[in-house]
Visitor: 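Quick one: this structure, given as structure tokens, is what I'll be asking you about.
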There are 2 protein chains.
Amino acid sequence: MPTIKDLARIAGVSIGTVSNVINNKSSVTEESRRKVEEAIRLTDYKVNLHARGMILKKSFNIGLVVPSILDPFFPKLADVIEQECEKLDMNVILSSSNYSPDREIDKIEQMLAKNVDGIILIPESDRNRSYVAGLLEKETPLVLLARRYNDLRAPYVVADNRKTAEDGINYLLGKGYDSIGFLVSPLMNTADEDRLAGIQNWKNNHSEAAVSIHYCAPLPVHDRKHSMEHQLSQGYEKGLELIRDQRLPRAVFANNDYIALGFMKACTESSIRLPDDVALLGVSRQFPKELLSTELSSFDPHSEIMGSEAVRILKELMDHPERGDESTHHIEIGMSLIEGMTT
Amino acid sequence: MPTIKDLARIAGVSIGTVSNVINNKSSVTEESRRKVEEAIRLTDYKVNLHARGMILKKSFNIGLVVPSILDPFFPKLADVIEQECEKLDMNVILSSSNYSPDREIDKIEQMLAKNVDGIILIPESDRNRSYVAGLLEKETPLVLLARRYNDLRAPYVVADNRKTAEDGINYLLGKGYDSIGFLVSPLMNTADEDRLAGIQNWKNNHSEAAVSIHYCAPLPVHDRKHSMEHQLSQGYEKGLELIRDQRLPRAVFANNDYIALGFMKACTESSIRLPDDVALLGVSRQFPKELLSTELSSFDPHSEIMGSEAVRILKELMDHPERGDESTHHIEIGMSLIEGMTT
DNA sequence: GTGAAAGCGCTAACAT
DNA sequence: ATGTTAGCGCTTTCAC
């Protein structure tokens with residue numbers, strides 16, 4: 001591998017000049033620049049980022065820790081993050097905590113050991129709250145994505161889950177569905193919690209309305225890896241149960257699309273028609289409509305915006321560490337209802 | 001950030017000794033080791049990988065370039081690769097070519113500029129054949145995954161697609177389905193090509209058998225990003241067409257699960273029963289059965305094995321670059337049939 | 001077994 | 001505008 005020393009020799013200039021050319025520094029003769037660039041082409045030179053990083057104390061890498069890479073929601077975010085980072089000449093080191101708090105810590109520690117310039121964390125739950133609190137004291141900037149920690153001064157980008165929950169209820173009522181059942185998954189993270197809180201808040205303000213809450217069986221803590229499958233089957237089971245007991249409300253609002261699709265499967269099998277017999281609304285649109293037999297009405301979380309905002313904030317923190325806990329770094333992004341065939 | 005110099009001062013030993021402790025080198029007194037380790041704990045020391053990498057000429061990162069991170073097949077591989085790399089104390093820099101050959105080259109060049117220790121590439125097609133040929137001459141080891149290039153001495157790990165195609169036909173015939181239609185997607189990569197070749201080879205050897213081949217409309221080259229959605233809808237369209245024209249064979253063997261699920265949707269809508277009216281078999285099992293109204297029979301590609309083999313080979317090439325083009329680095333992994341409810 | 005010192009490739013400060 | 005040089009934090013000889 002050629003070095004700037006080689007370039008200097010070939011171009012017949014000093015290494016300082018070469019460095020100036022490479023970094024577009026002021027004051028280099030057109031002549032020198034040309035010669036150096038020629039040498040670069042000739043030797044297929046590439047900067048040694050170790051050497052550069054050692055001086056600049058940067059790796060031009062950021063770490064992304066997600067709970068699972070198999071749940072399609074997370075790759076969507078990862079995809080955007082990667083693209084945004086590319087624009088900033090940074091790369092993404094991806095790793096998955098597999099829904100294990102210990103692994104989550106391990107992964108973050110590995111990233112720190114790698115001298116990443118920043119970390120975007122999608123927490124698998126709030127079990128690592130105190131560890132994350134400690135992280136905030138360190139110099140490597142951290143942005144939480146998709147889930148936040150209550151009462152922790154950490155920058156975050158999340159969906160506006162409370163509002164989405166209320167919007168969903170209002171939408172269904174507005175459509176004329178006069179009784180609504182909210183199907184909620186085991187509460188694993190603040191996204192779920194916030195949606196439930198939104199529903200409960202709504203109920204408190206509208207005590208006359210027929211809104212019921214149905215809890216699915218919780219996911220065993222040791223097997224969150226199959227969280228997606230679990231929620232699909234819980235939505236299914238709960239659906240069968242409501243149908244069997246003839247307790248089906250006029251509309252079902254599912255806490256997320258996995259539960260909704262499980263519920264849909266139960267309906268299909270029981271010859272319950274959507275939306276004629278029961279309307280169905282999901283949250284956090286996941287699967288392409290081409291995949292589903294009936295396109296599900298659901299809220300789109302705007303993954304692209306969430307991902308790019310996370311990168312934007314992280315970049316800002318990297319450039320201005322002192323602004324670490326400004327409240328402008330708490331962002332909630334509204335979801336948009338996409339009407340399918342089930343409402 | 002503390003350095004080994006700090007550790008040396010605190011522990012009261014020399015820099016060399018500290019280095020020896022950190023790297024578990026021979027010959028360090030129990031006493032010295034203890035003192036250094038104490039200092040490490042005290043200061044929360046972390047090695048500076050830039051400095052280490054500069055000397056060792058390693059980054060302990062590998063690059064993974066995939067065509068898309070939204071198609072669930074690729075995250076599955078990425079997940080395994082990440083886990084395997086962790087065991088080897090390496091991290092994965094992920095990036096997506098978004099099915100663009102130019103982007104694919106850009107991404108690889110970026111990785112090289114990052115001094116990655118090796119690259120795992122899932123080619124988006126074979127359009128970059130000559131570029132990849134050039135890559136093989138360089139010192140950074142490269143392993144192709146899931147798709148190979150014909151007649152290129154590049155290490156690869158792929159599924160045994162030809163055999164899978166033949167197995168599928170034999171399985172369906174063995175089940176008593178006496179006419180088979182093979183639904184093939186636009187040929188975009190060697191995985192698709194190999195499956196088709198397997199079918200054609202089988203036909204050549206069994207000219208009497210009723211095996212027909214049906215081509216779906218090709219995906220526009222400029223929009224491979226939505227390849228998954230496209231194939232779902234092509235399977236659907238082709239299904240509707242066969243049903244309308246009453247040309248439905250007794251069994252349909254789809255080139256992949258996306259086409260198969262599209263076809264399934266067409267059947268459901270047309271009240272065609274699976275497998276009573278038509279049997280359906282896919283390849284490269286993608287979605288959890290909890291998601292599907294009817295569990296699809298399909299071949300499991302063993303992503304875990306493919307991913308871990310790719311890492312194993314890459315590691316071997318990193319340790320023994322001279323073995324670059326041994327034929328042991330051409331691996332084809334058999335798929336396993338998972339019987340669902342559609343055959 | 002341990003310490004001293006060279007040097008990896010680069011940037012930045014300084015001298016010219 | 002260009003050249004010279006110190007030094008980033010580490011590993012690795014090579015004396016001792």
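Computed from a predicted structure; not experimentally measured. Proteins get letters first, then strands, A, B, ... in listed order; numbering begins at 1 in each.
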Visitor: Five pairs at each end of the helix from C/dG1-D/dC16 to C/dT16-D/dA1: take the axis at both ends and give me the angle between them to 10°.
Guide: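 What I find for the helix from C/dG1-D/dC16 to C/dT16-D/dA1 is an axis angle of 40°.
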Visitor: Identify whether the distance between the nearest side-chain nitrogen and carboxylate oxygen of B/E84 and B/K87 falls below 4.0 Å.
Guide: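 Looking at B/E84 and B/K87, the cut-off is met.
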Visitor: Under 4.0 Å from OP1 or OP2 of D/dT11: is there any side-chain N or O of B/N23 that close?
Guide: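 Result: yes.
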Visitor: Need one value for B/K5: base, sugar-phosphate or nothing, where a base atom within 4.0 Å counts as base even if backbone is also close, heavy atoms only.
Guide: nothing
Visitor: What's the CE-C1' distance between B/M54 and D/dT12, to the nearest Å?
Guide: 14 Å
Visitor: For A/K46, look at atom NZ and say whether over 12 heavy atoms of other residues, nucleotides or ligands are found less than 6.0 Å away.
Guide: yes
Visitor: Hey, which of A/V116, A/L64, A/V65, A/I119 is the one that makes side-chain contact (heavy atoms from CB on, under 4.5 Å) with A/I93?
Guide: A/V116
Visitor: Would you say A/K57 reaches D/dG9's phosphate, i.e. side-chain N/O to OP1/OP2 under 4.0 Å?
Guide: yes
Visitor: Do A/S14 and A/T17 meet the criterion of a side-chain donor-acceptor pair at a distance under 3.5 Å?
Guide: yes
Visitor: How many whole angstroms separate atom CG of B/L56 from atom P of D/dT13?
Guide: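 Atom-to-atom, B/L56 to D/dT13, this comes out as 11 Å.
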Visitor: Side-chain N or O of A/K25 less than 4.0 angstrom from OP1 or OP2 on D/dA1?
Guide: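 Looking at the OP1 and OP2 atoms of D/dA1, neither is under 4.0 Å from any side-chain N or O of A/K25.
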Visitor: Give the intermediate values and the outcome of salt bridge (charged side-chain N to carboxylate O under 4.0 Å, His left out) for residues A/R9 and A/D6.
Guide: CA-CA 5 Å; A/R9 189 172 31 76; A/D6 298 320; 3.0 Å; yes
Visitor: Closer than 4.0 angstrom, basic N to acidic O: yes or no for B/E139 and B/K57?
Guide: no
Visitor: Please compare A/I22 and B/A51 by the position of their nearest nucleotide in DNA chain C and report the one closer to 5'.
Guide: B/A51
Visitor: Please report, rounded to the nearest Å, how far the C1' atom of C/dG3 is from the NZ atom of B/K35.
Guide: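 Rounding to the nearest Å, NZ of B/K35 and C1' of C/dG3 are 13 Å apart.
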Visitor: Choose from D/dC10, C/dT2, C/dC10 the nucleotide whose nearest atom is closest to any side-chain atom of B/T29.
Guide: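 The listed nucleotide nearest to B/T29's side chain is C/dT2.
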Visitor: Once you apply a heavy-atom cut-off of 4.0 Å, does A/I15 come out as touching a base, just sugar-phosphate, or nothing?
Guide: base
Visitor: What is the distance, rounded to the nearest whole Å, between atom CD1 of B/I4 and atom P of D/dT11?
Guide: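 The distance from CD1 of B/I4 to P of D/dT11 comes to 6 Å, rounded to the nearest Å.
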Visitor: Respond yes when some side-chain nitrogen or oxygen of B/S32 is under 4.0 Å from OP1 or OP2 of C/dT2, and no when none is.
Guide: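 Checking C/dT2 against B/S32, a side-chain N or O does come within under 4.0 Å of OP1 or OP2.
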Visitor: Provide, to the nearest angstrom, the distance between the NE2 atom belonging to B/H50 and the P atom belonging to D/dT11.
Guide: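 My rounded result for the distance is 14 Å.
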Visitor: Does a nitrogen or oxygen in the side chain of A/T3 sit under 4.0 Å from OP1 or OP2 of C/dG9?
Guide: no
Visitor: Using atom CD of B/E31 as one end and atom P of C/dG3 as the other, report the distance to the nearest whole Å.
Guide: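 Going from CD in B/E31 over to P in C/dG3 covers 12 Å.
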Visitor: Could you check whether B/S19 gets within reach of a base, just the sugar-phosphate, or nothing at all, counting any heavy atom under 4.0 Å?
Guide: base
Visitor: Can a salt bridge be assigned to the pair B/E309 and B/R312 using a cut-off of 4.0 Å between side-chain N and carboxylate O?
Guide: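 Salt bridge present between B/E309 and B/R312.
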Visitor: Apply salt bridge (charged side-chain N to carboxylate O under 4.0 Å, His left out) to B/R33 and B/E30, showing your working.
Guide: CA-CA 5 Å; B/R33 159 159 278 119; B/E30 199 44 52; 5.1 Å; no
Visitor: Which whole-number value in Å describes the distance from B/R52 CZ to D/dC8 P?
Guide: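 About 19 Å, once rounded to whole Å.
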Visitor: With a 4.0 Å cutoff (strictly under), does any side-chain N or O of B/T17 reach OP1 or OP2 of C/dG3?
Guide: yes
Visitor: What nucleic acid atoms does A/K58 come within less than 4.0 Å of, heavy atoms only: base, sugar-phosphate, or nothing?
Guide: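 A/K58: no heavy atom of the nucleic acid under 4.0 Å.
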Visitor: Can you name the one residue among A/I105, A/L112, A/N128 that meets side-chain contact (heavy atoms from CB on, under 4.5 Å) with A/L135?
Guide: A/L112
Visitor: Nearest whole Å is fine: how far is D/dT12 P from B/N20 CG?
Guide: 9 Å
Visitor: As a quick check of understanding, evaluate salt bridge (charged side-chain N to carboxylate O under 4.0 Å, His left out) for B/E38 and B/K35, giving each step before the final call.
Guide: CA-CA 5 Å; B/E38 174 62 17; B/K35 284 193 293 188; over 6 Å; no
Visitor: From the set C/dA12, D/dT11, C/dT11, return the single nucleotide nearest to any side-chain atom of A/I55.
Guide: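 Closest of the options to the side chain of A/I55: C/dT11.
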Visitor: Looking at DNA chain D, which of residues 110-118 of chain A put a heavy atom within less than 4.0 Å of it?
Guide: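 Contacts with DNA chain D under 4.0 Å: none.
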Visitor: Got a salt bridge between A/E82 and B/K107, using NZ or NE/NH1/NH2 to carboxylate O under 4.0 Å?
Guide: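 Salt bridge present between A/E82 and B/K107.
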Visitor: From the set D/dT4, C/dT11, C/dT2, return the single nucleotide nearest to any side-chain atom of A/S14.
Guide: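 My answer, after comparing the listed nucleotides, is D/dT4.
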Visitor: From the options C/dA12, C/dG9, D/dC10, select the nucleotide whose nearest atom is closest to the side chain of A/N48.
Guide: C/dG9
